[in-house]
Student: 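Take a look at this one; I'll ask things after.
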Amino acid sequence: MSYDLIVIGSGPGGYVCAIRAAQLGLKVACVEGRETLGGTCLNVGCIPSKALLHATHQLHEAEHNFEQMGLMGGKPKPDWKKMLGYKDDVIGQNTKGIEFLFKKNKVDWIKGWASIPAPGKVKVGEETHEAKKIVIASGSEVSPLKGVEVDEKVIVSSTGALELGKIPKKMVVIGAGVIGLELGSVFSRLGAEVTVIEYLDRILPGTDDEVARSFQKLLIKQGLKFVLGAAVQSASATKTKAKLGYKLRKDDSEHEIEADTVLLATGRRPFTDGLGLDALGVKMTERGQIATDAHYKTSIDGVYAIGDAIEGPMLAHKAEDEGMAVAEILAGQAGHVNYGVIPGVIYTWPEVAYVGETEATLKEAGRAYKVGKFNFMGNGRAKANFAADGFVKILADAKTDRILGAHIIGPYAGDLIHEVCVAMEFGASAEDLARTCHAHPTYSEAVREAALACGDGAIHA
Ligand code: NAI
């Protein structure tokens, strides 16, 4: 078969690219080797983990807040098998949804694993397809950690953690990044004793320091334990138990910890195996990413790449935006991604969300900024809903008042952040946000109050 565009990989980057290109009139196919569409995100990542976070948050609410609201009836008991069934249903609905969208938009799904034997050619199994353009959206895989061998039973990656045979009594998480804290929360809420071991002296590297500190305190209150400044050196597993060795960086002392389950969450790396990029002569970065120019073009004519396989944050929505942008570029339009306004969200409770600059990056750049902060304690809705932990922090240019970044820890922070994203896209000032009427009583009033705090002051602080 011959196509205008063949997209390799059907994760959020690939499937969005394929659909947008088809909408713009190109003849498109998408190659996917998994049994279902949607890539890591829909099958073993974002979506299933959010189902488990949702279910266990409901459990947490029932255990901690129901009685106070006059909802009696005792503590619900988690049925892990049933919960996994619910998670699998959610995956099924989402992956089938993409299949439906492919049919609706006339995108052909070529089943199998692709390689690129030559520019303009994509080989899947025994068949070679012709394509005027090729977009690689092959995603990422778990980065291995020396001394820790993942068996997906006792020592698991996020994939195995979503399929555990039972809820562990003791779990050790290696890495206090996004995966470690989200899945650590899930199992802690389900009753596991969770210890997170992190190499750095703080959790969530790269996020706002104040948010990370508050977040860690709240997680400790929820029962998670942390060992910071610790380098994991080894892990050995029997059929049911694991032993982990780590060294504290401050004094080089060596320690051991046992667990029923170890979750390795120390990062991911681009997945490009089997594509034949070496033979094709595709230039890679030092970090093993596919090198691209500003228009997602690789060093080979007609071959493009997006998402986790290239530079930038490994986020589904960053991949989606790149997918849309490259489709538009290939269709002769002006596709574009604003990398200054890509939000990040951690879907724990409370949620953490951020966009733009942090105080650290602004200080480093020597830029004068002001801070407007508002605690959810002053938000009526949050208080009524037992959700008053956390705050909104808006960073604005000291002179022009233009919003430079926002950092939220609190209820539905992942949704609240988007009004700041839109404001930033339009180059808004904190005053613009502060002058926008926000419905009462909503959590979003906390965002407005933080914007007010950049000026003459918040009302409810
Ligand atoms: P991460 O990069 O977010 O965090 C890894 C953590 O492991 C870091 O804090 C790092 O300092 C620590 N670490 C590294 N080596 C270590 C060692 N030897 N011992 C102890 N700690 C060590 O990586 P994570 O959580 O695995 O996530 C992978 C990717 O998936 C990230 O890019 C993340 O953004 C993405 N993701 C995003 C989600 C979201 O947007 N909500 C959810 C899940 C994953």
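Read the numbers this way: they start at 1 and go in the same order the structure lists the ligands and their atoms.
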Student: With the threshold set at 4.0 Å, does a side-chain nitrogen-carboxylate oxygen contact exist between R20 and E328?
Tutor: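 So R20 pairs with E328 through a salt bridge.
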
Student: Please identify each residue that fulfils salt bridge (Lys or Arg N to Asp or Glu O under 4.0 Å) with D209, with sequence neighbours left out.
Tutor: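 If we apply the salt bridge (Lys or Arg N to Asp or Glu O under 4.0 Å) test to D209, skipping adjacent residues, the hits are R202.
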
Student: Partners of H60 by ring-ring contact (aromatic ring centres under 6.0 Å, His included), sequence neighbours excluded?
Tutor: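 H64.
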
Student: Measure the CZ-OG1 distance between F271 and T40 for me, rounded to the nearest 0.5 Å.
Tutor: 9.0 Å

Student: Would R381 and E445 pass as an ion pair if we require N to O under 4.0 Å?
Tutor: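 Not counted as a salt bridge, because no side-chain N and carboxylate O are separated by less than 4.0 Å.
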
Student: Any protein N or O within less than 3.5 Å of an N or O in ligand 1? List each pair with its distance, or say none.
Tutor:
from     : atom 1 : to   : atom 2 : distance (Å)
ligand 1 : 3 (O)  : V178 : N      : 3.3
ligand 1 : 9 (O)  : E198 : OE1    : 2.6
ligand 1 : 9 (O)  : E198 : OE2    : 3.2
ligand 1 : 11 (O) : E198 : OE2    : 2.6
ligand 1 : 21 (N) : Y199 : N      : 3.1
ligand 1 : 23 (O) : G267 : N      : 3.4
ligand 1 : 25 (O) : V178 : N      : 3.3
ligand 1 : 25 (O) : I179 : N      : 2.9
ligand 1 : 26 (O) : A265 : O      : 3.4
ligand 1 : 26 (O) : G267 : N      : 2.9
ligand 1 : 41 (N) : E182 : OE2    : 3.0
ligand 1 : 41 (N) : V345 : O      : 2.8

Student: In chain order, what residues pass the ring-ring contact (aromatic ring centres under 6.0 Å, His included) check against H54, with sequence neighbours excluded?
Tutor: none

